[in-house]
Amino acid sequence: MIEKLNNEVGSDWKSVVVMLFFVVPFFRPTIINDWAAVSVLKSVFAIWLLAACAVAVARFIVRNGRIGLFLLGLASMLLVMYISTFAHGGSSYDAMINTAMILSSALLVTTLEKREVRPFLLALAGLLLVLVASELVLRFAVPQGIYRIDGGARWILENGSLQSRWCFVLVFAAGALDYMKKGRYGLFFYLCAAISLLLVLRLASATSTVALVAEVVIFIFAGNKRFQRALTCRRVNLVFIVLVIAIVFLRIADYLPYDSIASFLGKDLRYMSGATFTGRTYIWDSVISSIAQLPLFGYGYQQFVATDIYQFYSQTNYGSAHDLWLQIAFQGGFVGLLCFLLAYFSLCHKADAAGLGRARTLFVGLLIAFLLTSIFENTLNSTLILALAIPTSGVMLEAMEGRAVPVGGGADAEV
């Protein structure tokens, strides 16, 4: 069976195991954090993550990795956040773990060799398919839940959008694998897409549902040349900037039939009615106020990012900005945010400059899914960085497109 798999994927099982060593600690199910019976695994995953980071750094050095604008911007942002954490008495543990998680995922993707692309995608798709399918099966087989938290039943993953975003990566990996093997989508892609949609609906994340549907639709049309030419990172970013300004700052929802839209998407408005995105506008206002007090370098990793928000489920403190861009500005100030934007726009430029229609469309589909959820959630984790780092890997773009990638083009030049 292993030999058959090796023949099909052009790689041996050892390469898949090596990739699993890296990707498994990036996807830690919520049950490990929240269920006391397996709490010891939290330390195991933390140690595993640090080991993966150390190996990723060693691979980067041995393979003469280039510090392009993406890595430079990312590392600079993390450095600012790390310094701010200690300057303001923040959580050194969170700073260390998040730095290791983000750096190792970025270094892993940027140093992939051609022979490792398929094992990497197989490891991603295999791991996430097991987790997603297991969650669905357990929800039907054990309706009372494996454990309970705040009175609600829980299984492997948490409700909401945090781990539903794993489905974005699963769909991408399945689509890329099918395209690399057959030049078209097969049963594996459609199976992963269907299972992912079922899970996101069960996790009750309206934003992730919309984002996943958008990603799947874009993937279906990825082979259309006209569609490829129209869908660029530059155009997507322009639309996204307008969305962020309209939703977060101009509060466009105040002028829309918000309650009707929220009810259609299955949101529970019993605790919070009106155009608040279930209380997020209160959190945004609190975070923006905090950023204004320390605008340059931010606060680093703190237990709370929003205070005095009693309007939101009667809580006075909240640990997430519920917006990626506000979260970065809170933790790293405008300096940290500018560093992240340097990394982000450099990889977008690289994706557009590569001239690879199908590969770019697959990446943009994944990017759009993450951008949509970034408006309402803090998505700064290894899942996001794995997705963003894809254009930095020329061999991955080459494999997805089926032809050679120009050397030295794009934004990943040496600095």
Side-chain angles (χ1 to χ4, degrees), residues 30 149-150 152 157-165 167-168 200-201 203-214 239-293 295 298-299 301-334 336-337 340 368-381 383-384:
T30 305
I149 184 169
D150 296 330
L157 311 181
E158 75 167 0
N159 289 328
S161 64
L162 176 61
Q163 292 176 324
S164 63
R165 290 191 292 271
C167 295
F168 305 161
V200 170
L201 289 171
L203 293 178
S205 173
T207 307
S208 292
T209 301
V210 173
L212 181 61
V213 170
V239 173
F240 176 70
I241 290 171
V242 172
L243 276 178
V244 170
I245 294 174
I247 293 174
V248 178
F249 296 100
L250 299 182
R251 305 292 165 82
I252 192 175
D254 290 337
Y255 309 98
L256 299 174
Y258 174 81
D259 284 1
S260 300
I261 296 173
S263 299
F264 174 77
L265 293 174
K267 298 304 293 183
D268 184 1
L269 299 178
R270 289 176 297 173
Y271 297 101
M272 186 62 58
S273 61
T276 67
F277 297 104
T278 57
R280 282 171 173 80
T281 54
Y282 296 126
I283 298 173
W284 295 342
D285 289 341
S286 179
V287 175
I288 291 171
S289 177
S290 296
I291 293 171
Q293 297 177 38
Y299 299 83
Y301 291 94
Q302 301 291 331
Q303 184 178 4
F304 301 113
V305 301
T307 57
D308 299 325
I309 50 170
Y310 61 90
Q311 302 98 326
F312 184 65
Y313 298 121
S314 301
Q315 293 180 231
T316 56
N317 298 297
Y318 210 76
S320 171
H322 271 293
D323 179 273
L324 169 66
W325 314 96
L326 291 180
Q327 185 83 26
I328 294 174
F330 176 88
Q331 293 177 337
F334 288 114
L337 181 60
F340 182 80
I368 287 175
F370 274 101
L371 287 178
L372 286 174
T373 54
S374 76
I375 301 175
F376 302 102
E377 301 292 342
N378 168 30
T379 57
L380 186 61
N381 52 37
T383 311
L384 172 68

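In this structure, the ring of Trp325 has its center less than 6.0 angstrom from the ring center of Phe340.
Residue-environment remark: CZ (Phe334) stays at or below the threshold of 12 foreign heavy atoms within 6.0 Å. A 6.0 Å sphere centred on CD1 of Ile247 holds more than 12 heavy atoms belonging to other residues, nucleotides or ligands.
Thr373 approaches Ala211 most closely through the heavy-atom pair CG2-CB, 4.1 Å. Annotation for Leu372 and Thr207: closest pair O-CG2, 3.6 Å, computed over non-hydrogen atoms. The nearest pair of heavy atoms linking Trp284 to Val248 is CZ3-CA, 3.8 Å. For the pair Asn378 and Arg165, the tightest heavy-atom approach, listed with the atom from each and the gap, is O-NH2, 3.6 Å. Across Ala292 and Pro295, no two heavy atoms sit closer than the pair O-CD, 3.7 Å. What you find for Cys167 and Leu212 is that their closest heavy atoms are O-CD1, 4.2 Å.
The closest donor-acceptor contact from the side chain of His322 to the backbone of Phe376 lies under 3.5 Å.
For the atom pair Leu337 CG and Leu324 CG, the distance stands at 9.0 Å (nearest 0.5 Å).
Taking the side chain as every heavy atom from C-beta outward, Leu203 and Val200 never approach each other to under 4.5 Å.
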